[in-house]
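Worth knowing before you read on, the calculation uses all heavy atoms, side chains too, and leaves out hydrogens, waters and symmetry mates. We count ligands from 1, going down the list as the structure has it; atoms in each ligand are counted the same way.
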Amino acid sequence: MVGQIDILETMTPLEFLSFRRFLDESSGFQSVQFRELECLLGIADTFDPEWFKGDDGEYNRLIKRIEEPTLWDAFVGYLHRNGHPMPESATSRDPKAALEPDAAVQAVIVNAYRNDVRLLSLCEALTDLDEALQEWRYRHVMMVQRTIGTRMGTGGSSGVDYLKGTLFRQCFPDLWAVRSQF
Ligand code: HEM
């Protein structure tokens with residue numbers, strides 16, 4: 001996903017504006033897959049499912065995703081079942097709720113880092129994923145800025161200003177919090 005942006009950035013503002021009007025109201029806002037990805041990563045509060053009401057298939061798929069456990073819940077469950085008991089706040093949390101940093105969970109993760117090399121690799125892989133999504137957001141907003149400047153988005157948002165507000169949103173806050181605890 002990040003690699004695609006290099007190609008888009010070969011397009012000058014004039015080239016993009018030569019066909020932008022044909023996009024009409026089409027926009028990245030219509031990507032149900034992107035919202036599904038956000039649901040899986042536990043950040044379902046970034047959008048309103050009502051946006052997808054026009055298409056029953058997409059809407060129902062999204063609602064199902066919102067109800068389902070997230071990648072973080074799977075991770076917590078995995079640690080819990082493999083010798084790293086997690087607090088109840090983490091094992092029985094509402095998957096729809098936004099993830100908040102949890103000191104008790106962080107203590108388990110710090111211990112896993114110190115004593116279990118397999119889990120250490122898993123934690124690093126999840127951190128890579130979190131960082132990669134933030135990297136995509138940054139590359140996308142910079143590409144947008146160099147192509148359309150401060151124009152509004154075709155989806156009706158303020159454009160660059162809106163996208164800047166989505167930067168640095170962490171999916172797994174506990175994995176970032178432990179970095180200062182070693
Ligand atoms: C590989 C190509 C692209 C993909 C996969 C993509 C994907 C997305 C996604 C998923 C969003 C929603 C982000 C969020 O709400 O956090 C978004 C929004 C947006 N994108 Fe893109 N995008 C692409 C190319 C472009 C281009 C070429 C432009 C303009 C030069 C652009 C301008 C915008 C704007 C302004 C928004 C904010 C929503 C709006 O008002 O339309 N994107 N895009």
Practice problem: Rounded to the nearest 0.5 Å, what's the gap from NZ on K96 to CD1 on I66? Could you check? | Solution: 9.0 Å

Quiz item: To which protein heavy atom is atom 13 (C) of ligand 1 closest, and what is the distance rounded to 0.1 Å?
Solution: F34 CE2, 4.0 Å

Quiz item: Got an N/O contact under 3.5 Å between R35 and ligand 1?
Solution: yes

Quiz item: Which one of Q145, E9, M143 has a non-hydrogen atom at the shortest distance from atom 27 (C) of ligand 1?
Solution: M143

Self-check item: Proximal ligand 1 atoms for Q4, defined as those under 4.0 Å from one of its heavy atoms
Solution: 1 (C)

Self-check item: Close N or O approach (T147, ligand 1; < 3.5 Å)
Solution: no

Practice problem: Count the heavy atoms of every other residue, nucleotide or ligand shown that sit under 6.0 Å from OH of Y138, and state whether that count exceeds 12. | Solution: no

Exercise. Show which atoms of ligand 1 fall inside a sub-4.0 Å distance from at least one heavy-atom site of F16.
Key: 29 (C), 30 (C)

Quiz prompt | Around atom 21 (Fe) of ligand 1, number of protein N/O/S atoms which are nearer than 2.8 Å | solution = 1

Quiz item: Where the closest heavy atom to atom 14 (C) of ligand 1 is concerned, which of F29, Y162, F47, W136 has it?
Solution: Y162

Quiz item: What is the closest protein heavy atom to atom 40 (O) of ligand 1, and at what distance does it sit?
Solution: S157 OG, 2.7 Å

Practice problem: Evaluate whether atom CZ of F168 has more than 12 neighbouring non-hydrogen atoms of other residues, nucleotides or ligands under 6.0 angstrom away. | Solution: no

Quiz item: Taking heavy atoms and a distance under 4.0 Å, where does V160 meet ligand 1: side chain, backbone, both or neither?
Solution: neither

Quiz item: Does the pair W176 and D130 meet the rule for a side-chain hydrogen bond (donor to acceptor under 3.5 Å, both in side chains), with working shown?
Solution: CA-CA 10 Å; W176 294 100; D130 197 339; 2.9 Å; yes

Exercise. May I ask you to check whether F29 and Y162 place their ring centers less than 6.0 Å from one another?
Key: yes

Quiz item: Would you call E38-R137 a salt bridge at under 4.0 Å N-O?
Solution: yes

Quiz item: Between D45 and R169, is there a side-chain N and carboxylate O pair less than 4.0 Å apart?
Solution: yes

Quiz item: In terms of side-chain geometry, is the basic nitrogen of E68 or R65 positioned less than 4.0 Å from the acidic oxygen of its partner?
Solution: yes

Quiz prompt | Pairs flagged by side chain to side chain donor-acceptor pair (under 3.5 Å) wherever residues 143-154 is involved - sequence neighbours left out | solution = none

Exercise. Would you kindly say whether Q181 and Y113 are connected by a side-chain donor-acceptor distance under 3.5 Å?
Key: no

Quiz prompt | Ion pair check, E9 and R139, cut-off under 4.0 Å | solution = yes

Quiz item: Is the F19 ring parallel, tilted or perpendicular to the F16 ring (thresholds 30°, 60°)?
Solution: perpendicular

Self-check item: Neighbour count above 12 (heavy atom, 6.0 Å) for E50 CD
Solution: yes

Quiz item: Hey, which atoms in ligand 1 end up nearer than 4.0 Å to a heavy atom of G155?
Solution: 39 (C), 40 (O), 41 (O)

Quiz item: Which ligand 1 atoms, with their elements, are less than 4.0 angstrom from a heavy-atom of T166?
Solution: 16 (O)

Exercise. List the closest protein heavy-atom neighbour of atom 2 (C) of ligand 1: residue, atom name, distance to the nearest 0.1 Å.
Key: L8 CD1, 3.2 Å

Self-check item: Numbered atoms of ligand 1 (with element) below 4.0 Å of G156, judged on heavy atoms
Solution: 40 (O)

Quiz item: Purely on distance, is any nitrogen or oxygen of R137 under 3.5 Å from one on ligand 1?
Solution: yes

